[in-house]
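Comments concern the structure below.
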Amino acid sequence: TEQGHAPDGPEETAVATAPAHRYVAASNGDRGLAIFAPGFFEYEWTGSDLAMTLLRSVGDLSRGDLATRPGHAGWITPTPAAQCIGRDRVELAIGPVTSSDLDRADRLERSWEDAFLPLRGMWLRDADALLPAAVGIELEGEGLVLSAAKPAEDGDGMILRCWNAGDAATVGRVRIHPHPSQAERSAGDERGGGVIPRDPDGSVRFRAGPREIVTLRIR
């Protein structure tokens, strides 16, 4: 048979690794470990060991002679720059976690930010509660994770997207500087939406159901 596969056999061989973004974690009760990285990476969980790929290089975008898959999966194009020849610097962070932390993605997101986002300096006078420092976008709410901040696809305003990492509904608030003139709650494809009243300080409140993704259009 073609490529040495039996007619009733699998088309592809399953692999033990899986993709991850920003972090991966495993825990047994109060004992656990999280690995944090700046972007995407590959990991493997054996049941007792948590491993990750530090460097992955390829010479072609697709090859048809792989033992794990028959045929090609993309363009037959050489990728010499993806050979990763020379020195590479890999930035990682590790931290202890518990099983309760794994149920709260916002805690892992916060740990990732502590490891990889730069410190922001401020003047001492800005630390006064009467003179809060101006920020670009700030999300408040138990269990909420900011996942996107981008221009709207139709060019009308800015899209903010967050999701509720908890199993209970929560109330969120977005603070934006300078203050927006209007805010709408839109569908995931950015269509439609109803106007959301703004607080006197210009912030926008909204409700997020359990595990719900919320999309806001800000003008």
Are [Y] and [X] linked, directly or through intermediate hydrophobic residues, by side-chain heavy-atom contacts shorter than 4.5 Å (ILVMFWY only)?
X	Y	value
Leu144	Met158	yes
Phe116	Val97	yes
Leu66	Trp75	no

How long is the span from the [atom1] atom in [X] to the [atom2] atom in [Y], to the nearest 0.5 Å?
X	Y	atom1	atom2	value
Arg207	Ile196	CZ	CD1	13.5 Å
Ile213	Asn164	CD1	CG	10.5 Å
Leu55	Cys84	CG	SG	5.0 Å
Asp114	Phe36	CG	CZ	9.0 Å
Ile159	Arg217	CD1	CZ	4.5 Å
Leu102	Leu108	CG	CG	6.0 Å

So if I apply the side chain to side chain contact (heavy atoms under 4.5 Å, CB included) rule between Phe206 and each of Val174, Leu160, Val171, which one comes out positive? Val174
Side-chain ([X]) to main-chain ([Y]) donor-acceptor, under 3.5 angstrom:
X	Y	value
Thr79	Ala82	no
Arg205	Asp199	no
Ser27	Ser99	yes
Gln182	Ile218	no
Trp112	Ala37	yes
Ser111	Arg107	yes
Asp101	Thr98	yes
Arg63	Ala73	no
Gln83	Val58	yes
Arg175	Leu139	no

Between the side chains of Glu44 and Thr17, is a donor N or O closer than 3.5 angstrom to an acceptor N or O?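 The criterion, which ignores hydrogens and geometry beyond distance, is not satisfied for Thr17 and Glu44.
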Quick one: list whatever passes side-chain contact (heavy atoms from CB on, under 4.5 Å) with [X], sequence neighbours left out.
X	result
Ala51	none
Ala148	Arg161
His179	none

Go through the steps for Asp60 and Ile76 under the test side-chain contact (heavy atoms from CB on, under 4.5 Å), then give the verdict. CA-CA 7 Å; Asp60 297 275; Ile76 308 173; 5.8 Å; no
Return the minimal non-hydrogen interatomic distance between [X] and [Y], and the atom names on each side.
X	Y	value
Thr170	Gly141	OG1-C, 4.4 Å
Asp103	Arg211	O-NH2, 4.0 Å
Ile137	Ala149	CD1-CB, 4.1 Å
Ser62	His72	OG-ND1, 3.0 Å

Determine, stepwise, if the pair Arg185 / Glu190 fulfils salt bridge (charged side-chain N to carboxylate O under 4.0 Å, His left out). CA-CA 9 Å; Arg185 181 155 181 168; Glu190 304 181 15; over 6 Å; no
Within a 6.0 Å radius of atom [atom1] on [X], are there more than 12 heavy atoms belonging to other residues, nucleotides or ligands?
X	atom1	result
Asp201	CG	yes
Leu33	CG	yes
Ile94	CD1	no

Could you tell me whether Glu184 and Arg219 make a salt bridge, using a distance below 4.0 angstrom between a side-chain N and a carboxylate O?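 Arg219 and Glu184: salt-bridged.
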Is it true that Arg191 and Asp154 make a salt bridge, defined as a side-chain N closer than 4.0 Å to a carboxylate O?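 Looking at Arg191 and Asp154, the cut-off is not met.
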Might you work through the side-chain contact (heavy atoms from CB on, under 4.5 Å) test for Leu54 and Leu92, ending with a clear yes or no? CA-CA 9 Å; Leu54 294 181; Leu92 301 174; 3.6 Å; yes
Hits for salt bridge (charged side-chain N to carboxylate O under 4.0 Å, His left out) against Asp106, two or more places apart or cross-chain, chain-then-number order -> Arg104, Arg110
Scan residues 18-31 for pairs that pass salt bridge (Lys or Arg N to Asp or Glu O under 4.0 Å), counting only residues two or more places apart or in two chains. Arg22-Glu109
Between Val204 and Arg173, is a side-chain contact (heavy atoms from CB on, under 4.5 Å) present by the stated rule, with each step listed? CA-CA 5 Å; Val204 178; Arg173 179 163 64 174; over 6 Å; no
With sequence neighbours excluded, what pairs up with Glu91 under the side-chain hydrogen bond (donor to acceptor under 3.5 Å, both in side chains) test?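 Partners of Glu91 under the side-chain hydrogen bond (donor to acceptor under 3.5 Å, both in side chains) test: none.
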Considering the options Phe40, Phe41, Tyr43, which one meets the ring-ring contact (aromatic ring centres under 6.0 Å, His included) requirement together with His21? Phe40
